[in-house]
Amino acid sequence: MAQDVLNLIGGEHLPASSGEWLDNFEPATGQVYGRIPRSGLNDVEAAVTAARSAFPEWRSWSPSNRRAVMMRLADKIHENAALLAESEARDNGKPVSLAAAVDIPRAEDNFRFYASAAEQFSSESHTMGDGTVNYTLRKPLGVVACISPWNLPLYLFTWKIAPALASGNCIVAKPSEITPMTAYLLGTWAKEVGFPDGVINILHGLGPEVGQAMVEHHHIRAISFTGGSNTGAAISATAGPKFKKLSLELGGKNATVVFSDADFDQAVSTAIRAAFSNQGQICLCGSRILVQEDLYERFRDAMVAKVSKMRIGDPMNPETRMGAVVSRAHRDKVISAINIARGEGGRILCGGGRHQPSEPRLKGGYFVQPTLIEGLDHTCTTNREEIFGPVATLQPFKDEREALGLVNSTKYGLSASVWTKDLQRAHRFAAGIDTGMVWLNCWLVRDLRTPFGGTRQSGVGREGGYNSMRFFTEPQNICVQL
Ligand code: TXE
């Protein structure tokens, strides 16, 4: 059954003004299962107009009223968790078990967390000796754009729109054209829970068309973007000269570093989870596994034994732990990266190609075998460029110095996961890493209050906690002499 999605503009669900549509594919089958509006300039104009006319009312709402309506949307996510998890699995190819355990609960948490932040966010005052007082207002910006990617569709969509709304902005948001479904569903509940029309506007369509028009629009004051580094660079080039606020969460080529004193079993299982969760399509995935040389062979063999047994299957089956990658183009990109690794002299330890499930339903699906590669140094393309699929490399290192050099050898600086029982070394090593986030003896443990983001080509700015509230507000200092 075809499932079309529609734009949300000024409280109305609408097709693109051009009347054009794009196909939406189910990655597990390779079949079209619905259509999305191919929006453009006119749709952006209509959404911005709706957002601008809603802004005076929305900014005047008390923090507790904003909190209440956001909590009601979180309740809706909770009540519809099973529908959302199934929709995410169908749209993205990820296992429904993962969507149900991670993506959808986190989307609900994002809304609850920032609903509370609406009430708890505060600004500062500074008194001077002579009785002069400075107080700083934190004003919402007006209309802001939130542009999110396909890997964690509702999770990252809500991570952006919730703080934007909590701080009093009206939004024009665009989910990835590859995974539009859950953002669409969320929008269908906005009016019912009490958002005034025009506060939440959601547009669907292609990045270079509708996304670009959003970034260019004169009345859009800030852009919060998560996606590839090249897209981030294109958005910066457009938004920079227009002096828009920008928050960019981009790619990563993260290292998992295992010293020989690490807890072996935990390090093996977490390194596997870090490399292959969500088919390796998380910006925080550890795609370079660095192991101290005296442990290297044992660690490698243990990983290969477990990864070779990973079962790939139908994302809609609750037992499946590894599903399809997101699109045909992305599958081809991942397979080509594996072939580049071969060409560079990499030894494929397991996987190394497409996977063909036996079920007829999955015949045209985009499945890739979980792949481990060794024998490549840090200068080769495989260890420098983000692959963003179920592919990881293993490299031995001699000592702390060499490991640190390897960790910091890429243009990215998002995250790292370090495994050792030596506390002093752990802290010393973590401080030397040039990434925005480091996990010691764990991976992807998240406290939503902490700064989230990367250095260098992994992005600009930090999200999370008050970082996002500050991003979506403009400080204005008022100095009064009493
Ligand atoms: O993402 P894009 P793609 C990486 C990963 C992947 C590569 C490309 O390596 O292979 O990026 O993926 C919108 N103006 N990551 O092409 O293009 C687009 O519509 C405004 C890492 O799918 O970056 C979508 O909504 N918007 C990553 C969003 O940007 C534009 C997650 C992301 O798409 C635009 C995803 C434009 N000119 C991919 N062009 C992570 N860091 O988590 C595109 N968009």
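Just so you know, these numbers come straight off a predicted model, no measurement behind them. Order of appearance sets the numbers: ligands from 1, and atoms from 1 within every ligand. The analysis underlying the following values was restricted to heavy atoms, covering all of them including side chains, and did not include hydrogens, waters or symmetry mates.
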Quick test: of every protein heavy atom, which one is nearest to atom 6 (C) of ligand 1, and how far off is it to 0.1 Å? K333 NZ, 3.6 Å
Is there a side-chain contact between W439 and T256 (heavy atoms, below 4.5 Å)? no
R52, CZ atom: more than 12 neighbouring heavy atoms under 6.0 Å: no
Students often mix this up, so state it plainly: with edges at 30° and 60°, are the rings of F195 and W58 parallel, tilted or perpendicular? tilted
Separation of I289 CD1 from E374 CD (nearest 0.5 Å): 11.5 Å
Part of Q281 with heavy atoms under 4.0 Å of ligand 1, whether side chain, backbone, both or neither: neither
Distance under 4.0 Å to a non-hydrogen atom of H330: what atoms of ligand 1 satisfy this? 10 (O)
Nearest protein heavy atom with distance in Å, relative to atom 8 (C) of ligand 1: G228 CA, 4.7 Å
Atoms in ligand 1 flagged as close to T231, the criterion being non-hydrogen separation under 4.0 Å: 2 (P), 17 (O), 23 (O), 30 (C), 34 (C), 39 (N), 43 (C), 44 (N)
Do F225 and S247 come within less than 4.5 Å of each other through their side chains, counting heavy atoms only? no
Heavy atom of the protein closest to atom 41 (N) of ligand 1 (residue, atom name, distance): L250 O, 2.8 Å
Considering non-hydrogen atoms of the protein only, which is the closest contact for atom 44 (N) of ligand 1, and what is the distance? G207 CA, 3.3 Å
Below 4.0 angstrom from a heavy atom of C283, which ligand 1 atoms are there? Numbered from 1 as shown, please. 40 (C), 41 (N), 42 (O)
Hey, which atoms in ligand 1 end up nearer than 4.0 Å to a heavy atom of P149? 31 (C), 35 (C)
Protein heavy atoms near atom 30 (C) of ligand 1, is at least one of them under 4.0 angstrom away? yes
For atom 9 (O) of ligand 1, the protein heavy atom that lies nearest, with its residue and separation: E386 OE1, 2.8 Å
Proximal ligand 1 atoms for W150, defined as those under 4.0 Å from one of its heavy atoms: 3 (P), 12 (O), 22 (O)
Option of least heavy-atom distance to atom 38 (C) of ligand 1 (set: F388, F157, F225): F388
For ligand 1, find out whether one of its N or O atoms is nearer than 3.5 Å to an N or O atom of G205. no
Is S148 in polar range of ligand 1, meaning some N or O pair under 3.5 Å apart? yes
heavy-atom search around atom 19 (O) of ligand 1 in the protein gives E177 OE1, 2.5 Å
Atom 13 (C) of ligand 1: which protein heavy atom is closest, and how many Å away? I147 CG2, 3.7 Å
Just heavy atoms, cut-off under 4.0 Å: does S229 contact ligand 1 by side chain, backbone, both, or neither? neither
Note: ligand 1 atoms sitting under 4.0 Å from heavy atoms of K174 are 18 (C), 19 (O), 25 (O)
Are more than 12 heavy atoms from other residues, nucleotides or ligands located less than 6.0 Å from atom CG of N230? no
Under 3.5 Å: N/O of I387 near N/O of ligand 1: no
Applying a strict 4.0 Å limit to heavy atoms, is A234 in contact with ligand 1? no
Residues K94 and E88 bridged, charged N to O under 4.0 Å: no
How far does NZ of K244 sit from CD of E216, to the nearest 0.5 angstrom? 8.5 Å
For atom 37 (N) of ligand 1, the protein heavy atom that lies nearest, with its residue and separation: Q212 OE1, 3.2 Å
Does atom 33 (O) of ligand 1 have any protein heavy atom closer than 4.0 Å? no
How long is the span from the OG atom in S167 to the CG atom in L141, to the nearest 0.5 Å? 7.0 Å
